[in-house]
Structure formats: structure tokens, C-alpha cells
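Each remark here refers to the structure printed beneath this line.
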Amino acid sequence: MPERLVVIGGDAAGMSAASQARRRRNRRDLEIVAFERGRHVSYSACGIPYWIGGEVARERDLIARDVATFADEYGIDVKTNHEVVGLDLSTRTVSVRQVDIGVIEPVAFDQVVMATGAVPVRPDLPGLDAPGVFGVQTLDDGERVRAAVDEGARRAVVVGGGYVGLEMAEAMARRGLEVTLVEAAPEPMSTLDTELGAMVREAMTGMGIAVRTGEKVVGVEVGQDGRAVAVRTADTSYPADLVVLGLGVRPDTALAAAAGLPLGETGGIRVDHRMRVLGEDGVWAAGDCVETRHLVGGHAVHVPLGTHANKQGRVIGINLGGGYATFPGVLGTAVTKVCDLEIGRTGLGEAEARRIGFQSVAATITSTSAAGYLPEPGSVTIKLVAERRTGRLLGGQIVGRGGAAKRVDVLATAITAGMTVEEMISLDLGYAPPFSPLWDPVLVAARKTAEAVESAEYRH
Ligand SMILES: Cc1cc2nc3c(=O)[nH]c(=O)nc-3n(C[C@H](O)[C@H](O)[C@H](O)COP(=O)(O)OP(=O)(O)OC[C@H]3O[C@@H](n4cnc5c(N)ncnc54)[C@H](O)[C@@H]3O)c2cc1C
């Protein structure tokens with residue numbers, strides 16, 4: 001009898017784990033069954049805003065592999081519309097409910113991968129569960145929003161200004177809706193320090209999105225038919241044909257918690273460096289449902305990004321296949337864009353560094369993403385945060401145009417290598433007029449921050 005691997009959740013983390021395990025173990029040795037409660041597997045949630053906004057023509061372009069491909073090419077039995085409703089570690093079985101008919105059946109496993117992802121945060125406020133209020137996490141969620149837009153919604157309110165909120169606001173503005181974004185913080189994109197967040201607000205306003213910051217949502221008003229008609233804040237209300245929640249996500253751990261799996265302080269499942277659930281033999285977890293370690297601060301974090309989900313799934317697959325792989329942790333490197341304004345961040349922000357006890361200095365520069373004599377070179381603002389005394393780079397944020405955001409990868413690499421801002425000044429980065437000024441903005445920012453480190457020590 002082959003060993004049986006059950007995967008719970010059929011997207012980035014789960015299907016990466018399954019595919020990688022299959023590369024290393026053949027069908028006679030390992031049977032792989034993946035359960036997905038939705039209608040799709042192996043889809044790009046990251047692409048949903050671009051499909052809703054019309055930049056991606058067909059929904060199927062977001063699907064990397066379908067059920068038939070997994071069966072034929074990988075020998076992986078993927079069951080969509082199958083929800084795992086119970087996990088019993090003593091009998092090593094999962095209870096699986098067929099979503100369409102409600103029948104529940106037990107399925108035995110030798111190894112199990114928890115890849116249940118996350119669920120949008122939905123505060124307990126009046127009206128937030130009304131029809132017309134949408135969280136966006138899975139492709140099925142995306143289909144519901146897209147249908148509401150196609151059915152002729154005219155006014156949309158996005159609650160929360162994280163990157164999903166931003167991308168969804170832009171998508172709906174592109175489709176011609178009147179869009180209002182309501183955010184409780186002083187600026188959108190709270191993963192940026194506020195002065196950079198202000199630039200994001202300006203860009204959104206510039207594309208016709210009404211951005212209401214410093215306003216807390218207190219509920220959703222519903223019409224006589226029970227559907228959402230407006231988003232209410234303390235002072236006013238914003239009419240809406242559809243409401244999109246962009247308040248972040250929390251790990252989907254209902255199943256894990258009921259099975260007694262350990263959860264960390266962030267709410268995610270606790271795993272070791274090989275993505276094994278702590279204290280449980282043959283139980284693995286990856287993706288948005290786990291917590292991980294911050295590579296700079298060393299603290300536990302929940303950073304729900306596809307890039308981590310895929311890497312963590314791969315680590316599980318290698319380990320399941322008899323190899324050895326580890327996941328070291330994250331910097332929280334992320335990029336996004338609003339209209340043509342690109343946004344990147346990695347490591348610790350200034351406020352965050354202070355909060356977890358670092359003494360730090362920061363410097364912000366504004367430069368261009370191409371030589372200044374070329375027509376309309378994009379402006380780039382970079383803020384770096386370095387440790388006082390050592391000058392070690394702790395984090396960086398970039399807002400700008402014309403190829404600004406992916407410069408964050410240089411910063412992420414420098415942090416990973418433990419570089420100081422002084423060392424970064426000599427980095428051998430490429431230069432030609434269409435790509436950067438002679439001194440790349442990253443180098444200028446490193447220079448300014450090194451000066452700040454030096455003068456902080458001098459002052460001390
Ligand atoms: C709009 C949007 C844009 C994004 N953009 C980016 C981006 O640009 N870059 C980036 O890195 N990340 C991005 N992300 C985040 C990224 O999509 C997620 O981090 C990634 O999908 C997580 O993968 P996962 O497999 O852990 O979870 P998910 O993709 O959420 O998959 C979990 C799956 O498990 C299923 N499931 C849950 N419970 C059960 C159960 N009990 N039984 C059966 N099935 C179950 C769910 O239906 C779901 O399909 C974006 C996310 C969204 C929503």
C-alpha cells in the first residue's frame with residue numbers, strides 16, 4: 001500500500017507541496033489527494049484585481065493548472081467542492097464534506113498538509129455580513145465581485161487601504177465605477193511610514209478615487225431587500241452598490257484549532273523550520289495559515305503573501321520526498337502599484353523598528369528612475385532605516401514611477417546579507433541613462449543614511 005498524503009486547500013501552498021512531493025516520489029510509493037472547498041485549484045489570487053479591472057481578459061488565464069492536468073501529468077487526485085470539516089489526529093483521518101450534496105465521509109491519511117489559507121477580516125459591525133459586502137481572498141470571491149461589477153454596480157466603497165484595498169479600488173475605477181476608499185489610519189498603506197503613505201493617497205486621488213482617511217467604519221447600511229446600500233462612518237455615510245473589504249486577512253485556522261494544533265501569538269499555525277507543525281508527527285502546514293519569523297526582528301509574524309506560500313509548500317514537498325529543506329523566515333518584502341505609482345517595502349519601517357526595540361536612524365531621498373536629461377524620468381522616493389551604531393540596514397520603502405518598486409529587491413538582498421548602509425554605497429549596480437541616474441537612487445539613499453548613522457553617533 002502506498003503512503004497517503006492528504007492536502008487541505010488547493011491553492012499556492014497546498015498544490016506546491018503536492019507537486020513537489022510528486023516530483024520526488026512516484027505514484028506507487030505515495031498517493032496524493034488534495035481537497036479544495038472552492039471550484040478552482042492552483043489559481044492566482046494575486047491576479048484577481050487585474051481580471052476584475054479588465055487587464056486580464058479571461059478568468060482561466062489566472063489558473064495555472066486544472067484538475068485534469070494534476071491527474072494526468074502529476075498523478076495527484078484533486079477534489080474540488082470538497083471541504084475538510086474535521087481532522088482527527090488520533091485516528092489519522094479527515095472528514096470530508098461534498099459541498100454540493102452535503103455528504104460527509106472519512107478519509108485516512110499518513111501525512112497531512114494544512115494549506116487552508118486566510119480569511120478576510122470582517123469586524124463584528126452591523127451590516128457587514130449583508131449581501132453586497134465582499135471579502136476577496138479566493139477566485140470564487142473574485143467571481144462574486146466581478147459579477148456585481150458586470151451587473152451594473154455604479155458606486156463602490158472599499159473599506160481599508162492595504163494593498164488589496166488599493167488594487168481593488170483601482171480595478172473598479174478602471175471599470176468606470178465611482179470609488180471611495182475609507183481608511184481609519186492617517187494614510188493608506190499602513191505598511192509604509194505615513195509620509196510615503198501620503199504619496200499613495202495623492203496618486204489615488206489623482207485617478208479619481210475619493211480617499212477618506214482617519215475615518216472609522218461603524219457599519220454597513222442595508223436597504224429593504226437586505227442588501228448593502230451604504231458604508232457608515234462616525235460622521236457620515238457613503239452610498240454603495242457594492243462594498244469590498246480590504247481590512248487584511250487572518251489565518252484560516254478553524255480546522256487546525258479544533259484539531260488541537262498549536263497556534264501562535266499572531267493566530268497562525270506554529271511550524272518549525274521544515275514546516276512541520278510543532279509537536280505533531282506527519283502534520284505539515286504552509287502559506288497564509290501559518291505564522292513565521294521576521295528575519296530582522298526575530299519576532300513571530302503573519303505575512304500572507306503568495307511568494308511565501310509557494311516557497312513554504314515547496315519546502316514541505318521536498319521534505320515529504322525524503323529531502324531536506326528549510327524556510328528561514330521573511331522580510332515582508334512586497335510590491336504593488338496604484339495607477340502608475342509603484343510601491344515597495346521590505347524589512348522594518350521606522351515606527352516598527354522602534355516598536356520592537358531597535359535604536360535606528362532613517363533617511364529619505366528623492367531622485368529619478370532614469371537620467372534626468374531623458375524625457376519625463378519617473379520620480380523615486382526611498383526611505384531607508386538602519387540600526388544606530390552598526391549602520392546595518394533594517395528596512396526600506398520605495399514609492400515612485402518608471403521601475404521604482406523592484407529596486408526593493410536590492411534592499412531585501414542587502415538586508416539578508418546583513419549589509420551596512422556604508423557597504424551598500426559601493427554596490428556595483430548597473431547604470432545606463434534609461435535605467436537610472438549615474439548614482440542609482442538606492443546608492444543615494446544608502447549614502448544619506450550612512451551620513452545619518454554617522455551624525456547620530458557624533459551627536460551621542
Ligand atoms: C486580491 C489579492 C491580491 C494578492 N496579491 C498578491 C501579490 O501581488 N503578491 C503576493 O505575494 N501575494 C499576493 N496575494 C496573497 C496571495 O494570494 C496569498 O498569500 C496566497 O494565495 C496564499 O496561498 P495559500 O495556498 O496559503 O492560501 P489560499 O490561496 O487562500 O488558498 C487556500 C485554499 O484553501 C481552501 N480551503 C480552506 N479551508 C479549506 C477546507 N477546510 N477544506 C478544503 N479547502 C479549504 C480555500 O478555498 C482556498 O482555495 C494576494 C491576495 C489577494 C486576495
Side-chain angles (χ1 to χ4, degrees), residues 6-18 33-53 56 62-64 78-87 94-99 104 107 112-121 134-142 145-146 158 160 162-171 244-259 268-269 275 285-290 292 302-314 316 330 332-337 342-344 405:
V6 162
V7 176
I8 309 175
D11 194 27
M15 298 320 295
S16 295
V33 189
F35 295 108
E36 166 54 52
R37 69 178 164 207
R39 296 190 307 120
H40 306 286
V41 284
S42 205
Y43 53 86
S44 169
C46 315
I48 292 171
Y50 306 97
W51 174 55
I52 291 175
V56 175
L62 299 182
I63 297 169
V78 180
K79 296 192 181 302
T80 52
N81 292 314
H82 281 66
E83 179 175 26
V84 176
V85 293
L87 168 65
V94 287
S95 305
V96 183
R97 185 173 71 93
Q98 292 185 47
V99 174
I104 298 179
V107 176
V112 64
V113 175
M114 308 293 296
T116 49
V119 285
V121 169
F134 301 93
V136 187
Q137 177 65 16
T138 62
L139 191 49
D140 293 317
D141 295 335
V145 178
R146 168 107 191 194
V158 177
Y163 80 94
V164 170
L166 256 55
E167 291 174 4
M168 291 301 295
E170 175 174 351
V244 171
L245 299 177
L247 293 166
V249 294
R250 59 175 177 76
D252 188 346
T253 53
L255 194 62
I269 301 172
M275 307 309 298
D288 284 4
C289 64
V290 303
T292 183
H302 176 239
V303 183
L305 287 173
T307 172
H308 309 318
N310 278 285
K311 290 184 191 118
Q312 292 172 342
R314 176 177 173 273
I316 291 178
V330 303
T333 308
V335 286
T336 186
K337 70 165 197 63
E342 303 170 20
I343 302 156

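All values reported here derive from a predicted model rather than from experimental measurement. Note that ligands are numbered from 1 as they come in the structure, with each ligand's atoms numbered from 1 the same way.
In this structure the side chain of V107 reaches within 4.5 angstrom of the side chain of F35, judged on heavy atoms. Taking the side chain as every heavy atom from C-beta outward, D141 and I48 never approach each other to under 4.5 Å.
Put simply, the side chain of D288 never gets that close to the backbone of A309: no donor and acceptor are under 3.5 Å apart. Looking at E83, its side chain never comes within 3.5 Å of a backbone N or O of V99 through a donor-acceptor pair. When atom types are taken as modelled, the side chain of H82 and the backbone of T80 share a donor-acceptor pair closer than 3.5 angstrom. In this structure, D11 contributes its side chain and Y43 its backbone to a donor-acceptor pair below 3.5 Å.
Per-residue contacts place A12 under 4.0 angstrom from the following atoms of ligand 1 (heavy atoms of the residue considered): 23 (O), 25 (O). Residue-ligand proximity, G287 to ligand 1, at heavy-atom distances under 4.0 Å covers atoms 26 (O). Every atom of ligand 1 is numbered from 1 in the order shown, and the set under 4.0 Å from a heavy atom of G117 is 26 (O), 27 (O), 30 (O), 32 (C). Atoms of ligand 1 lying under 4.0 Å from at least one heavy atom of A115, given by number and element, are 32 (C), 33 (C), 34 (O).
In terms of polar-atom proximity, defined here as any N/O pair under 3.5 Å, M168 makes no such contact with ligand 1. Any N or O atom pair closer than 3.5 Å counts here, and Q137 shares at least one such pair with ligand 1. Close N/O approach between L255 and ligand 1 is not found [any backbone or side-chain N/O within under 3.5 Å]. In terms of N/O distances under 3.5 Å, ligand 1 is not approached by I48. Taking any N or O of R37, backbone or side chain, at least one lies under 3.5 Å from an N or O belonging to ligand 1. Remark: ligand 1 and E83 share no N or O pair separated by less than 3.5 Å (distance only, no angle test).
With hydrogens left out, the protein atom closest to atom 15 (C) of ligand 1 is Y163 OH, 3.5 Å, a heavy atom. Closest protein heavy atom to atom 4 (C) of ligand 1: C46 CA, 3.3 Å.
Evaluated by nearest non-hydrogen atom to atom 34 (O) of ligand 1, the leading choice among G9, P304, G142 is G9.
Residue contacts with ligand 1: M15 is excluded, as none of its non-hydrogen atoms falls under 4.0 Å.
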